[in-house]
Chemist: 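There's a structure below that I have some questions on.
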Amino acid sequence: MRYISTRGQAPALSFEEVVLTGMASDGGLYVPETVPQLSHEELADMAGCSYAEIAFRVMKPYVGGEIDDETFRGIVRDAYSTFSHDAVVPLNQLDANHFLLELFHGPTLAFKDVALQLLGRLLDHFLAKRSERAVIMGATSGDTGSAAIEGCRHCDNLDIFILHPHERVSEVQRRQMTSVLADNVFNIAIEGNFDDAQAMVKASFADQSFLNGTRLVAVNSINWARIMAQIVYYVASAVALGAPHRKVSFCVPSANFGNVFAGYMAYRMGLPVERFVIATNANDILHRTLADNDFSKQELVATLAPSMDIVVSSNFERLLFEAYQRDGKAVAELLERFQEQPSVLAEAPLARLREVFASHSVDDATILEVIREAHQRTQEILDPHTATGYRAAERERGDEAVPMVTLATAHPAKFAEAVVKAGFPGVPLPPHMDDLLEREERYAVLPAELSAVQAFVAENRR
Ligand SMILES: *Cc1c(COP(=O)(O)O)cnc(C)c1O
């Protein structure tokens, strides 16, 4: 399998190269050159298979023989053995035909574990094969940092440095990162805000000379392997609900668009999907674009669903590439214009998107209302991100005979603020984490200065 850039100028890469690479050199994102197909028979044969087996079968064509089958099966099995539920991503039926797909049974209680448990192991595999080491740097205001740390803590060939704004992340989120005491894990609390941390990571990628030639790897959601890993749960849940004999709809709480784009890939591979409902919080660029063709940036709003607080959805570019029928030049022009000024999509590409995507935006007051309402109706306490999905799924349901699967992207214990605001006493952490607040922590506090951060990384990497 070869991978090409959404802007059409960067060289095509192999799977191994694309896992080790972030953004394409032309500013685009990598996508597979062709979309592998899952036949009716192949889908039907997955009924009753374990999650790891379905994962192996769905991802195998993307790996394209670059890892032998037995090794890849082992990597996949190992990655998903870290989940606390035997089904890995269980379906929970809410009412006659509405299901929650619980993606929060991984080590950090949010769906990002599904991708990062695999990505860490894939990186380690390829680095070992090349006898290379690499450094991961990332900035986080929450979910991604802890999921990346958990994904890399056992990797011999990787050192991971995660920057978070000092005293500006919740205690649970900080402790999920800082209580991982592995030798290759380094948490840095920056005396500044998230943007300061992010800017220092960006500057480090732009000029990597402080690492003397060691590879710097990004694990943010533009890495293709993260999308690939997420395709699996769309297939697995649809098969559990009767695919390929029956269609399914999905509702996805969305921000950078990595999650729902993976669903779209499953659809393009042949999974019978009726529609995708995109749920956003008040940061609603995706909803404005689909509903009103208003493709423009707006001020960031801090919401009760903070992991969906974004101005621009980086992975939307991958969908635009498909909507523009893989015309990289048109995508590059659109996105360059968009950086400067409010833009619109051309008519035909927008019409193509509206054939399979609906959208709905949910504000903070509604998130609280939904948490109360859903509890009354179903006894479930939803996390605030999942709450946006629950409401969007109701509003954009479409054909009621088609099962609707809402993706539960986080465990409610992780976002206690919203749950308490909604009037509940809070939700206990699951048993394997109930001592989190007593665990030993380790992190360095550094000034918001690039030279201090880079010196720390250069000194501590192994
Ligand atoms: C990251 C995240 C999202 C948004 O996912 P995208 O792939 O960026 O669209 C939604 N909910 C939770 C809990 C998250 O951590």
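In each ligand, atom 1 is the first atom listed, and ligand 1 is the first ligand listed. Residue indices begin at 1 and follow the sequence shown.
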Chemist: Does a salt bridge link Arg352 with Glu322, judged by any charged N lying under 4.0 Å from a carboxylate O?
Modeler: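 A salt bridge is absent here (no side-chain N lies under 4.0 Å from a carboxylate O).
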Chemist: Pairs under 3.5 Å, N/O atoms on ligand 1 and on the protein: can you put them in a table with the distances?
Modeler:
residue	atom	partner	partner atom	Å
ligand 1	7 (O)	Gly258	N	3.2
ligand 1	7 (O)	Asn259	N	2.9
ligand 1	8 (O)	Asn256	N	2.7
ligand 1	9 (O)	Ala255	N	2.8
ligand 1	9 (O)	Asn256	N	3.3
ligand 1	9 (O)	Phe257	N	3.0
ligand 1	11 (N)	Thr409	OG1	2.9
ligand 1	15 (O)	Lys112	NZ	2.5
ligand 1	15 (O)	Asp143	OD2	2.4

Chemist: Can you name the one residue among Asp364, Val370, Asp363 that meets side-chain contact (heavy atoms from CB on, under 4.5 Å) with Ile367?
Modeler: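 That would be Asp364; it is the only one of Asp364, Val370, Asp363 passing the side-chain contact (heavy atoms from CB on, under 4.5 Å) with Ile367.
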Chemist: Going by an N to O cut-off under 4.0 Å, is there a salt bridge joining Arg153 and Glu150?
Modeler: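 Yes, charged N to carboxylate O under 4.0 Å.
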Chemist: Between Tyr264 and Phe357, does the ring centre distance come in under 6.0 Å?
Modeler: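 Yes, the ring of Tyr264 comes within the 6.0 Å limit of the ring of Phe357, centre to centre.
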Chemist: Side-chain donor-acceptor contacts of residues 97-109 below 3.5 Å, not counting sequence neighbours, with atom names and distances?
Modeler:
residue	atom	partner	partner atom	Å
Asn97	ND2	Glu400	O	3.1
Asn97	ND2	Ala401	O	3.2
His98	NE2	Thr406	OG1	2.7
Glu102	OE1	His105	NE2	2.8
Glu102	OE2	Asn92	ND2	3.0
Thr108	OG1	Asp113	OD1	2.9
Thr108	OG1	Asp113	OD2	3.0

Chemist: In terms of side-chain geometry, is the basic nitrogen of Arg121 or Asp78 positioned less than 4.0 Å from the acidic oxygen of its partner?
Modeler: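 Yes, Arg121 and Asp78 are salt-bridged.
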